[in-house]
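Here the structure comes first, spelled out in structure tokens, and everything after it is commentary.
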Number of protein chains: 2
Amino acid sequence: MGKALTKNQTLVLDTLSKADGPLSAYSILDDLRDEGMQAPPQVYRALEKLLKTGLIHRLESLNAYIACRDPDCVSHPVTGFAICETCGDVSEFAGEKISKQLKDWEDDNGFLVEKTTIELRGICRPCKG
Amino acid sequence: MGKALTKNQTLVLDTLSKADGPLSAYSILDDLRDEGMQAPPQVYRALEKLLKTGLIHRLESLNAYIACRDPDCVSHPVTGFAICETCGDVSEFAGEKISKQLKDWEDDNGFLVEKTTIELRGICRPCKG
DNA sequence: ATAGCGAGCGTTATATTGTAACGCAATAAC
DNA sequence: GTTATTGCGTTACAATATAACGCTCGCTAT
């Protein structure tokens, strides 16, 4: 049972959910000026909470954030992202099989993973034409 | 046959090679003040070149750079990194098998990959004790 | 009830990371 | 030798992120 979101957290999540692509923290801030969001820490605190609860993801290679679209994302071992350099579209995928290979490496090397980042940069099918 | 590196490129590569962990662009700059490096663009331009030639890697989740330690890194399909949150140590690994799973996904989805980022954050064996 | 705790808020200021743009110098290509 | 390319040094700035302070609110253990 996750607790209800606060006003700021809801504003940030809604903005990300409505966006059709990843947004930077500062563009979220700009979008929410009229809603009372005034300064970066307010956005970053909301983002931090939403990240912790898994409602959004951070794209490390873009310094940007995106709402999670996978209803049962948390049940997947790892999540990957394919980012199109041309149109900016981002696809989220569940790395069921990849996870197994990673787990093997972790076991072999005694590494205890807390967070996994998988990001593919390239050209999506529609943009390839 | 790679071309010879310039003075600045050599300085940056040497700094990264001597470091026992990832360095930020600005800490490289600080290390090289005495060698004549004065401003960020000089460092960033050297980093850009070294990245392109595969002599160093960028750790997206750290905004930091590290010298490549894998002699035949370029021959591997994808490279992954395991980053210890405790000691800061970074292990580079070749994702031979992972690459296959990724390729399957790419083929299924018609996505043309240009660059792959795989980074594991966690605790390394020595730090687990 | 109430005192304390934790989480979040609003704010100011600052730290960190990365680029744009200029003119010049060295090098490589023809 | 002229011409393209690449890199250099510099100034200025943009973009991303955090520190720190004091305040409010809701919870909960005494």
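Values reported hereafter were calculated over all heavy atoms of this structure, with side chains retained and with hydrogens, waters and symmetry mates removed.
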Q | Lys/Arg-Asp/Glu bridge criterion (N-O < 4.0 Å) met for B:R121, B:E85 | A | yes
Q: Kindly state whether the pair B:Y26 / C:dT17 counts as stacked, where counting means centroids closer than 5.5 Å and planes tilted less than 30° apart.
A: yes
Q. Any side-chain N or O of B:N8 less than 4.0 Å from the OP1 or OP2 oxygen of D:dG7?
A. no
Q: Identify which nucleotide among C:dA21, D:dT11, C:dC9 has an atom closest to any side-chain atom of B:R45, counting heavy atoms from C-beta outward.
A: C:dA21
Q: Starting at atom CG of A:L23, determine the distance to atom C1' of D:dA15, rounded to an integer number of angstrom.
A: 15 Å
Q. Within this structure, what is the CG-to-C1' distance between A:L47 and D:dT16, rounded to whole angstrom?
A. 12 Å
Q: Please tell me which of B:P41 and A:Q38 maps to the more 5' nucleotide of DNA chain C, matching each residue to the nucleotide holding its nearest heavy atom.
A: A:Q38
Q) Rounded to the Å, how far apart are B:L51 CG and D:dG7 P? A) 13 Å
Q) When the distance from CG of A:L32 to P of C:dC9 is rounded to whole Å, what number comes out? A) 13 Å
Q. Does B:Y44 place a side-chain N or O at less than 4.0 Å from the phosphate oxygens OP1/OP2 of D:dA14?
A. no
Q: Give a yes or no on whether a salt bridge exists between A:E60 and A:K115, defined as a side-chain N under 4.0 angstrom from a carboxylate O.
A: yes
Q.
Let me spell it out: for each of A:N63 and B:K49, pick the nucleotide of DNA chain D with the closest heavy atom. Which residue's pick is nearer the 5' end?
A. B:K49
Q: For residues B:Y26 and B:P40, report the shortest heavy-atom separation together with the two atoms involved.
A: OH-CG, 3.2 Å
Q) Within less than 4.0 Å of OP1 or OP2 of D:dA15, is there a side-chain N or O belonging to A:S24? A) no
Q: State plainly whether the residues B:E106 and B:K103 are in salt-bridge range, i.e. N to O under 4.0 Å.
A: yes
Q. Over how many whole Å does the gap from A:L29 atom CG to D:dT16 atom C1' extend?
A. 12 Å
(Q) With heavy-atom distances below 4.5 Å as the criterion, would you say the side chains of B:Y65 and B:L50 are in contact? (A) no
Q) How many Å lie between CG on B:L11 and P on D:dG7, as a whole number? A) 15 Å
Q | Rounded distance in Å - CD (A:E35) to C1' (C:dC9) | A | 17 Å
Q) Starting at the 5' end of DNA chain C and moving along, which residue's nearest nucleotide shows up first, A:A46 or A:P40? A) A:A46
(Q) Nearest whole Å is fine: how far is D:dA17 C1' from B:L62 CG? (A) 15 Å
Q: Just call it for A:Q42: base, sugar-phosphate, or nothing, with non-hydrogen atoms closer than 4.0 Å on any strand.
A: base
(Q) Need one value for B:K7: base, sugar-phosphate or nothing, where a base atom within 4.0 Å counts as base even if backbone is also close, heavy atoms only. (A) nothing
